[in-house]
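Input: a single structure, listed below in structure tokens.
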2 protein chains.
Amino acid sequence: MASATATLPVEKDAIPSLLQQHGISPTAQRVEIAGILLSKCQHLSADQVLTRLTEHGASVSKATVYNTLGLFAERGLVRQVIVDPAKVFYDSNVAPHHHFYNVDDGNLIDVNAAEVPIEHLPHAPDGTVAEAVDIVIRVRNTG
Amino acid sequence: MASATATLPVEKDAIPSLLQQHGISPTAQRVEIAGILLSKCQHLSADQVLTRLTEHGASVSKATVYNTLGLFAERGLVRQVIVDPAKVFYDSNVAPHHHFYNVDDGNLIDVNAAEVPIEHLPHAPDGTVAEAVDIVIRVRNTG
DNA sequence: CATTTGAGCTAGACAGAGTCTAAAGCCGGG
DNA sequence: CCCGGCTTTAGACTCTGTCTAGCTCAAATG
């Protein structure tokens, strides 16, 4: 059940076992969705995943796409990125990193965590534990 | 038109001139909305602002609340906080700071920027300029 | 072999946040 | 007094995401 995170892109054949390593039974639809998202380092919304599925000729329902992406995120196979008020992006890169977010065109670019050294974090409020630190550098087109 | 950010809470009487300092003509509705949001250091969604308006007996339409909050954010009078995929929060504190976000109960707590020292930022991608750096520390209730 | 059980999938209804549109109100200048 | 621009408004609309109720299929059971 631990995270045996493969380097991107993940080969088609490797997907079923990768799912199983994350405690996810590899159904046809899940393999299909993972195949699209993990095919390279990218950020896709649920809707974009759905579109690509239909382009690939695979017919997966909207509910399944949402359920599956939620499941993948919960099990650490992908990561949610919340930068756009309108929708959630799913990031195929689960290594610790941050993001540039272009507010003009909605473009999202990875930033290696090592490039943003943080000396120390403040203590989490009483009764809570820190779970993740998300850094978003909002950029805007010049001119 | 520059930012003459008053310390919170902003007195009722000071609101019209504060709006004007940000290049916003102080209509009755805008003064009402600013009065609620700037009454203390807090994070409110558009919907929460709308609710408080009606509680105060002021009748402002939904469209106006959204338009006005968007305008305030654009002019630097308040700040958008994007942490919850479902809705945007408007932060009355525009001083540089970050946030704890409790994913269990949706609670949002300010973190002084000085408590999260960042040595240096990576260069923004070509053709873009950094505009803001948002750090969100996601926490979860213990037990 | 028939039956049951349960996980997973699906279509479509639904909910909530936010945007758009078309009309109406307000207000200052000529 | 009238005109023109800015602001507000109600309500329709869009879009993302969730929920429900039924269906499928495969594995376990008798």
Side-chain angles (χ1 to χ4, degrees), chain A residues 1 15-16 19-20 22-37 43-54 56-75 77-78 80-91 103 106 108, chain B residues 1 15-16 19-20 22-37 43-54 56-75 77-78 80-91 103 106 108:
Chain A
M1 66 160 64
I15 286 178
L19 292 182
Q20 279 171 328
H22 287 259
I24 300 168
S25 24
T27 66
Q29 290 88 342
R30 289 170 179 172
V31 170
E32 202 69 46
I33 292 171
I36 282 172
L37 192 47
H43 312 92
L44 296 179
S45 68
D47 197 60
Q48 287 175 311
V49 171
L50 193 50
T51 303
R52 299 211 183 174
L53 280 167
T54 48
H56 282 227
S59 146
V60 181
S61 75
K62 187 173 66 152
T64 298
V65 172
Y66 279 94
N67 288 341
T68 301
L69 290 173
L71 179 65
F72 285 0
E74 189 186 309
R75 299 292 167 85
L77 189 63
V78 303
Q80 283 189 331
V81 182
I82 300 170
V83 283
D84 184 327
K87 61 189 156 222
V88 173
F89 286 104
Y90 292 87
D91 189 340
V103 295
L108 201 50
Chain B
M1 68 159 61
I15 286 178
L19 292 182
Q20 279 170 329
H22 287 259
I24 299 168
S25 25
T27 66
Q29 291 86 341
R30 289 169 179 171
V31 170
E32 202 69 46
I33 293 170
I36 282 171
L37 192 47
H43 312 91
L44 296 179
S45 68
D47 197 60
Q48 287 174 312
V49 171
L50 192 50
T51 302
R52 298 210 184 175
L53 282 167
T54 47
H56 282 227
S59 147
V60 180
S61 75
K62 186 173 69 152
T64 299
V65 171
Y66 279 96
N67 288 342
T68 301
L69 290 173
L71 179 65
F72 285 1
E74 189 187 308
R75 299 292 167 84
L77 189 63
V78 303
Q80 284 189 331
V81 182
I82 300 168
V83 284
D84 184 326
K87 61 190 156 222
V88 174
F89 286 104
Y90 291 87
D91 191 340
V103 295
L108 202 50

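Excluded from the calculations below are hydrogen atoms, water molecules and symmetry mates; all remaining heavy atoms, backbone and side chain alike, are included. None of the values given here were measured: they were computed from a predicted structure. Labels below follow one simple rule: chain letters A, B, ... track the order of the sequence lines, proteins then strands, and each chain is numbered from 1.
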Hey, what do you get for CD1 (B:Ile24) to CD (B:Glu74), rounding to the nearest 0.5 Å? 8.5 Å
Could you pull out all donor-acceptor pairs under 3.5 Å where a side-chain atom in residues 44-51 of chain B meets a protein atom, sequence neighbours excluded?
{"unit_1": "B:Ser45", "atom_1": "OG", "unit_2": "B:Gln48", "atom_2": "N", "d": "3.2"}
{"unit_1": "B:Ser45", "atom_1": "OG", "unit_2": "B:Gln48", "atom_2": "OE1", "d": "3.4"}
{"unit_1": "B:Gln48", "atom_1": "OE1", "unit_2": "B:Ser45", "atom_2": "N", "d": "2.8"}
{"unit_1": "B:Thr51", "atom_1": "OG1", "unit_2": "B:Asp47", "atom_2": "O", "d": "3.0"}

Rounded distance in Å - NZ (A:Lys87) to C1' (D:dT14): 12 Å
Indicate, with a heavy-atom threshold strictly under 4.0 Å, whether A:Ser45 touches base, sugar-phosphate, or nothing. nothing
Inter-residue atom distance A:Leu77.CG - A:Ile33.CD1, 0.5 Å rounding: 11.0 Å
What integer distance in Å separates B:Ile24:CD1 from D:dC6:P? 16 Å
Rounded (10°) bend between the five-pair end axes of the helix from C:dC1-D:dG30 to C:dG30-D:dC1: 10°
Comparing A:Tyr90 with B:Ala28, nearest DNA chain D nucleotide closer to 5' gives the residue B:Ala28
Strand-adjacent residues in residues 56-74 of chain B, judged by heavy atoms under 4.0 Å from DNA chain C: B:Lys62, B:Ala63, B:Tyr66
Please state how far atom CG in B:Leu50 lies from atom C1' in D:dT9, giving the value in whole angstrom units. 13 Å
Identify, with sequence neighbours excluded, every residue that meets side chain to side chain donor-acceptor pair (under 3.5 Å) alongside A:Gln80. A:Tyr90
Any N/O pairs under 3.5 Å between the protein and nucleotides 21-23 of chain D? List them or say none.
none

Report the distance from atom CG of A:Leu44 to atom P of D:dT16, rounded to the nearest whole Å. 14 Å
For residues B:Leu19 and B:Phe72, determine if any side-chain heavy atom of one lies less than 4.5 Å from a side-chain heavy atom of the other. yes
Chain B footprint on DNA chain C, 5' to 3' - any atom under 4.0 Å from a heavy atom: C:dA17 to C:dC20
Of all heavy-atom pairs linking A:Ala58 and A:Glu32, the shortest is CB-CG, 3.6 Å
Minimum-distance pair of heavy atoms, taken over all atoms of B:Gly35 and B:Ile15: CA-CD1, 3.2 Å
Sub-3.5 Å donor-acceptor pair from the side chain of B:Arg30 to the main-chain atoms of B:Ser25, do we have one? yes
